[in-house]
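The structure under discussion appears below in the form of structure tokens.
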Amino acid sequence: MARQKSHDLAVVGSGLAGLTFALKSAQMGKSVVVLTKAEMADSNTAWAQGGIAAAVGENDSWQLHEQDTLVAGAGLCDPEAVRFLVQSAPEAIDWLVSLGAQFDHGSEGGLALGREGGHGMHRIVHFLDRTGWEVERTMIQAVRAEPRITVVERAFVTRLLVEDGQCCGVETRIDGMGERTYHVDAVMLATGGCGRMYRHTTNPRVATGDGIALGVSIGAECRGMEFMQFHPTTLYHPQARSFLITEAVRGAGGTLRNHLGRRFMYDYDDRLELAPRDVVARAIEAEMKKRETWCVYLDMTHLSSAAIQHEFPTIYAKLREVGIEVEKDWIPVVPAQHYSCGGIVTDLSGRTNISGLFAAGEVASTGVHGANRLASNSLLEAIVFAGAAASVGSLAWKGGTAALAGPARAIAETEAVRIRRSLQRTMTENVGIVRTNAGLSAAFEEVGSLLMEFDSLPEAPFAPYPLETRNLLVAAREVVRGARDRTENVGLHFNVDL
Ligand SMILES: Cc1cc2nc3c(=O)[nH]c(=O)nc-3n(C[C@H](O)[C@H](O)[C@H](O)COP(=O)(O)OP(=O)(O)OC[C@H]3O[C@@H](n4cnc5c(N)ncnc54)[C@H](O)[C@@H]3O)c2cc1C
């Protein structure tokens with residue numbers, strides 16, 4: 001039976017990448033449905049603290065931004081993608097401002113620019129320490145005002161529709177409505193990261209690698225998943241959830257100390273606390289091992305209480321809730337999974353190797369991060385590449401029948417909890433900041449057998465958690481495979497046996 005097209009385009013995910021693509025496509029006359037599995041603002045985007053990198057400062061230039069990005073990427077960036085990213089950055093900021101985003105301004109009236117690890121200049125456009133929230137708020141407001149966009153919340157995309165090798169729709173489970181299929185010209189995967197495969201992560205609960213699993217299920221090419229970024233400084237507290245202490249704190253002069261009070265970065269890198277993330281994360285891990293301690297400390301006591309409350313109000317309030325007074329106490333911190341540099345391979349317009357399937361944001365691998373992402377380049381990447389994808393004409397509607405790809409079977413939630421814990425244990429122990437050949441082989445086997453076990457368990461009624469657990473297993477298999485096959489230590493991949 002011939003099918004009716006419901007919209008021109010379907011977007012999976014309502015973070016910065018998904019909403020940018022939706023808005024720009026709608027402005028070009030397309031009808032768009034945005035499907036998002038939780039509330040609209042549930043995303044990594046809303047949690048971003050530091051800001052967005054753009055060479056808009058007086059002595060800065062896209063060439064300097066490009067240079068810093070290439071250095072962080074350790075020789076594995078795609079230079080063309082990097083140039084496109086950094087040259088598009090000022091325009092991306094202007095676009096957000098035109099939509100109503102508020103960024104901090106300095107006393108002279110221009111944008112106040114922060115500095116973060118790996119950047120040679122002050123170039124981080126920000127709004128206090130909740131830039132992501134401001135950006136997400138702005139995007140939601142703009143999308144809600146656009147009549148060509150339909151947003152469906154609590155709509156979990158479970159499978160992609162494929163016909164003659166072309167992606168032409170999605171199957172979803174919508175809370176209270178059951179199953180619903182959307183037939184469209186093209187699908188944008190903007191599902192964000194996969195941090196939940198690790199025990200400690202800064203990512204929210206929606207970051208379960210769904211886009212990687214959906215893409216891989218129809219043969220989308222995936223690369224660089226071994227380049228997993230660990231944020232050096234997340235709160236270590238037995239009673240509190242992992243909470244990120246932004247790089248900007250170190251940019252503002254925050255220092256790292258071991259339990260003896262020694263500023264240990266002197267022993268590891270000349271750039272001290274402003275060395276790139278991977279260097280700082282490895283130094284912290286090495287220091288913790290050497291001293292046999294559970295954490296190190298971030299000291300921002302050089303700042304006045306008023307300055308901290310002004311510049312880092314969220315951090316100040318959050319830490320106070322757990323009894324830490326940052327103007328006089330050092331903050332206990334540990335590294336935690338933070339960002340996935342790899343993903344579904346795309347060209348400069350977000351196109352994957354599957355016709356009709358686009359990807360943008362953290363789920364995609366555009367080539368800009370190489371072996372390591374420069375801080376604050378990811379929000380920028382989400383806007384720039386999702387925007388470029390919107391300007392590519394979508395493919396012609398084909399009609400006819402289409403097959404659903406990939407398994408969307410759920411198992412009992414209790415079994416899924418057990419399997420996810422095993423996954424998190426093996427990923428944390430074997431595929432963390434420092435890796436070994438034996439650990440990677442063990443992880444590869446364990447992830448494979450957990451996947452087999454999942455698929456052999458009896459099917460249960462649909463629930464998001466089990467399906468997300470399976471997606472995490474598929475994404476983890478890509479991470480471990482990439483790490484096992486990499487024969488050199490580069491960027492974020494560090495195997496002591498190489
Ligand atoms: C704590 C924290 C701080 C950060 N700070 C910064 C920073 O200062 N600067 C910077 O550049 N980057 C920062 N990052 C990284 C940055 O926030 C993310 O890389 C970026 O926001 C990713 O945007 P996205 O649109 O790709 O994905 P997200 O914003 O994560 O959005 C993904 C969306 O997909 C939805 N989704 C997922 N699976 C499905 C499915 N199966 N069906 C339907 N919907 C689905 C989710 O619910 C969500 O709406 C930070 C990240 C974290 C976690």
Side-chain angles (χ1 to χ4, degrees), residues 10-22 34-54 89 114 116 124-127 129-136 139-140 151-160 170-174 187-196 201-214 229 231 233-234 241-248 277 314-315 336-341 343 359-364 366 369 373-383 385-386 408 464 467-468 471-472 475:
V11 179
V12 192
S14 56
L16 183 55
L19 297 186
T20 298
F21 179 77
V34 175
L35 303 156
T36 191
K37 68 180 174 179
E39 306 275 317
M40 214 170 159
D42 279 326
S43 60
N44 275 15
T45 298
W47 287 27
Q49 293 182 354
I52 308 175
E116 291 183 337
I124 314 301
V125 177
H126 60 278
F127 175 68
D129 59 354
R130 38 177 196 265
T131 310
W133 174 250
E134 175 57 15
V135 166
E136 183 72 12
M139 293 305 299
I140 290 177
V151 178
V152 190
E153 291 178 305
R154 288 171 290 281
F156 192 119
V157 172
T158 54
R159 288 198 282 193
L160 298 175
V170 296
E171 186 183 78
T172 57
R173 297 286 187 130
I174 304 175
V187 175
M188 164 56 85
L189 279 182
T191 52
C194 53
R196 291 280 158 161
T201 176
T202 62
N203 290 189
R205 71 195 157 90
V206 291
T208 52
D210 298 10
I212 302 290
L214 287 165
Q229 191 168 69
H231 197 286
T233 53
T234 65
R241 210 185 52 74
S242 189
F243 174 75
L244 183 145
I245 317 288
T246 173
E247 219 109 44
R277 279 188 182 156
T314 314
I315 293 173
Q337 189 285 345
H338 183 53
Y339 183 82
S340 166
C341 292
E362 192 165 338
V363 70
T366 60
H369 305 307
R373 172 189 71 130
L374 185 65
S376 286
N377 263 356
S378 45
L379 289 173
L380 178 62
E381 182 196 32
I383 318 178
F385 288 86
L467 216 58
E468 289 176 330
N471 290 338
L472 282 172

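For ligands, and for the atoms within them, numbers begin at 1 and follow the listed sequence. When reading the values below, keep in mind they use all heavy atoms of this one structure, side chains included, and skip hydrogens, waters and symmetry mates.
Atom 52 (C) of ligand 1 has H338 CE1, 3.5 Å as its closest protein atom, hydrogens excluded (heavy atom only). Scanning the protein heavy atoms around atom 25 (O) of ligand 1, the nearest turns out to be A17 N, 3.0 Å. The protein heavy atom nearest to atom 4 (C) of ligand 1 is A48 CA, 3.3 Å. Looking only at protein heavy atoms, the nearest one to atom 12 (N) of ligand 1 is S378 OG, 2.7 Å. Nearest protein neighbour of atom 27 (O) of ligand 1, counting heavy atoms only, is G192 CA, 3.2 Å. Nearest protein heavy-atom contact of atom 17 (O) of ligand 1 is N44 O, 3.3 Å. T45 OG1, 3.9 Å is the protein heavy atom nearest to atom 20 (C) of ligand 1. Among protein heavy atoms, atom 1 (C) of ligand 1 sits closest to W47 O, 3.5 Å.
Considering H338, Q337, R373 in turn, R373 is the only one that fulfils the side-chain hydrogen bond (donor to acceptor under 3.5 Å, both in side chains) rule with Q229.
In summary, the atoms of ligand 1 found under 4.0 Å from a heavy atom of A155, numbered by their order in the structure, are 42 (N), 43 (C). Remark: ligand 1 atoms within the under-4.0 Å shell around heavy atoms of D42 are 46 (C), 47 (O), 48 (C), 49 (O). For ligand 1, the atoms closer than 4.0 angstrom to any heavy atom of L35 are 43 (C), 44 (N). Close contacts between ligand 1 and L244 involve ligand atoms 1 (C), 2 (C), 3 (C) [criterion: under 4.0 Å to a heavy atom]. Atom numbering of ligand 1 starts at 1 in the shown order; those under 4.0 Å from a heavy atom of T191 are 32 (C), 34 (O), 37 (C), 38 (N), 39 (C). Distances below 4.0 Å separate heavy atoms of F156 from the following atoms of ligand 1: 41 (N), 42 (N). Heavy-atom proximity to Y339, at under 4.0 Å, picks out these atoms of ligand 1: 19 (O). For ligand 1, the atoms lying closer than 4.0 Å to a non-hydrogen atom of D210 are 38 (N), 39 (C), 40 (C), 41 (N).
Taken to the nearest 0.5 Å, the OG1 atom of T202 stands 7.0 Å off from the CG atom of N44.
For the pair E136/L19, a side-chain contact is recorded, criterion being any heavy-atom separation below 4.5 Å from C-beta on. Contact of the E247 side chain with the H231 side chain is registered, since non-hydrogen atoms from C-beta on lie closer than 4.5 Å. Counting only heavy atoms from C-beta outward, the side chains of V135 and I52 approach each other to under 4.5 Å.
Remark: side-chain polar atoms of T131 are paired, donor with acceptor, to backbone N or O of Q49 under 3.5 angstrom. Not one N or O on the side chain of S43 forms a donor-acceptor pair closer than 3.5 Å with the backbone of G15. Without hydrogens or angle criteria, T172 side chain to A155 main chain gives no donor-acceptor distance under 3.5 Å. Using a distance-only test at 3.5 Å, with no hydrogens or angles considered, a donor-acceptor pair links the side chain of T233 to the main chain of I245. Of the possible donor and acceptor atoms, one in the side chain of T158 sits under 3.5 Å from a partner among the backbone N and O of E171. With hydrogens and angles ignored, the 3.5 Å screen pairs no side-chain donor or acceptor of T20 with any backbone N or O of G18. Counting only distance, with no hydrogens or angles, the side chain of S376 and the backbone of G51 share a donor-acceptor pair below 3.5 Å. Looking only at distances, a side-chain donor or acceptor of T191 sits under 3.5 Å from a matching main-chain atom of G211.
Of the candidates E362, E468, E381, H126, the one placing a heavy atom closest to atom 18 (C) of ligand 1 is E362. Nearest to atom 32 (C) of ligand 1 by heavy-atom distance, out of A190, G13, S43, is A190.
Ion pairing of K37 with E153 is absent here, as no side-chain N (NZ or NE/NH1/NH2) approaches a carboxylate O to less than 4.0 Å.
Contacts of T158 with ligand 1, taken as heavy-atom pairs under 4.0 Å, are absent altogether. Neither the backbone nor the side chain of A375 comes within 4.0 Å of ligand 1, counting heavy atoms alone. When non-hydrogen atoms are compared, ligand 1 lies under 4.0 Å from the side chain of R373 (C-beta onward) but not from its backbone. Counting heavy atoms closer than 4.0 Å to ligand 1, residue T36 contributes atoms from both its backbone and its side chain. By the criterion of a heavy-atom distance under 4.0 Å, neither the backbone nor the side chain of T131 is placed next to ligand 1.
No hydrogens or angles considered: a donor-acceptor pair under 3.5 Å links the side chains of T314 and D129.
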>> What verdict does the side chain to side chain contact (heavy atoms under 4.5 Å, CB included) test give for R154 and E39, after you've listed the backbone C-alpha separation in whole Å, the side-chain angles of each residue and the deciding distance to 0.1 Å?
In response: CA-CA 6 Å; R154 288 171 290 281; E39 306 275 317; 2.5 Å; yes
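Residue G51 places a heavy atom under 4.0 Å from ligand 1. Taking a 4.0 Å cut-off on heavy atoms, N203 registers as neighbouring ligand 1.
An N or O contact shorter than 3.5 Å links G50 to ligand 1 by distance. Remark: ligand 1 and P204 share no N or O pair separated by less than 3.5 Å (distance only, no angle test). Annotation: G193 places no N or O atom under 3.5 Å from an N or O atom of ligand 1; distance criterion only. In terms of polar-atom proximity, defined here as any N/O pair under 3.5 Å, T202 makes no such contact with ligand 1.
Scanning all heavy atoms of the two residues, the minimum distance from W133 to A41 falls at CZ3-CB, 3.8 Å.
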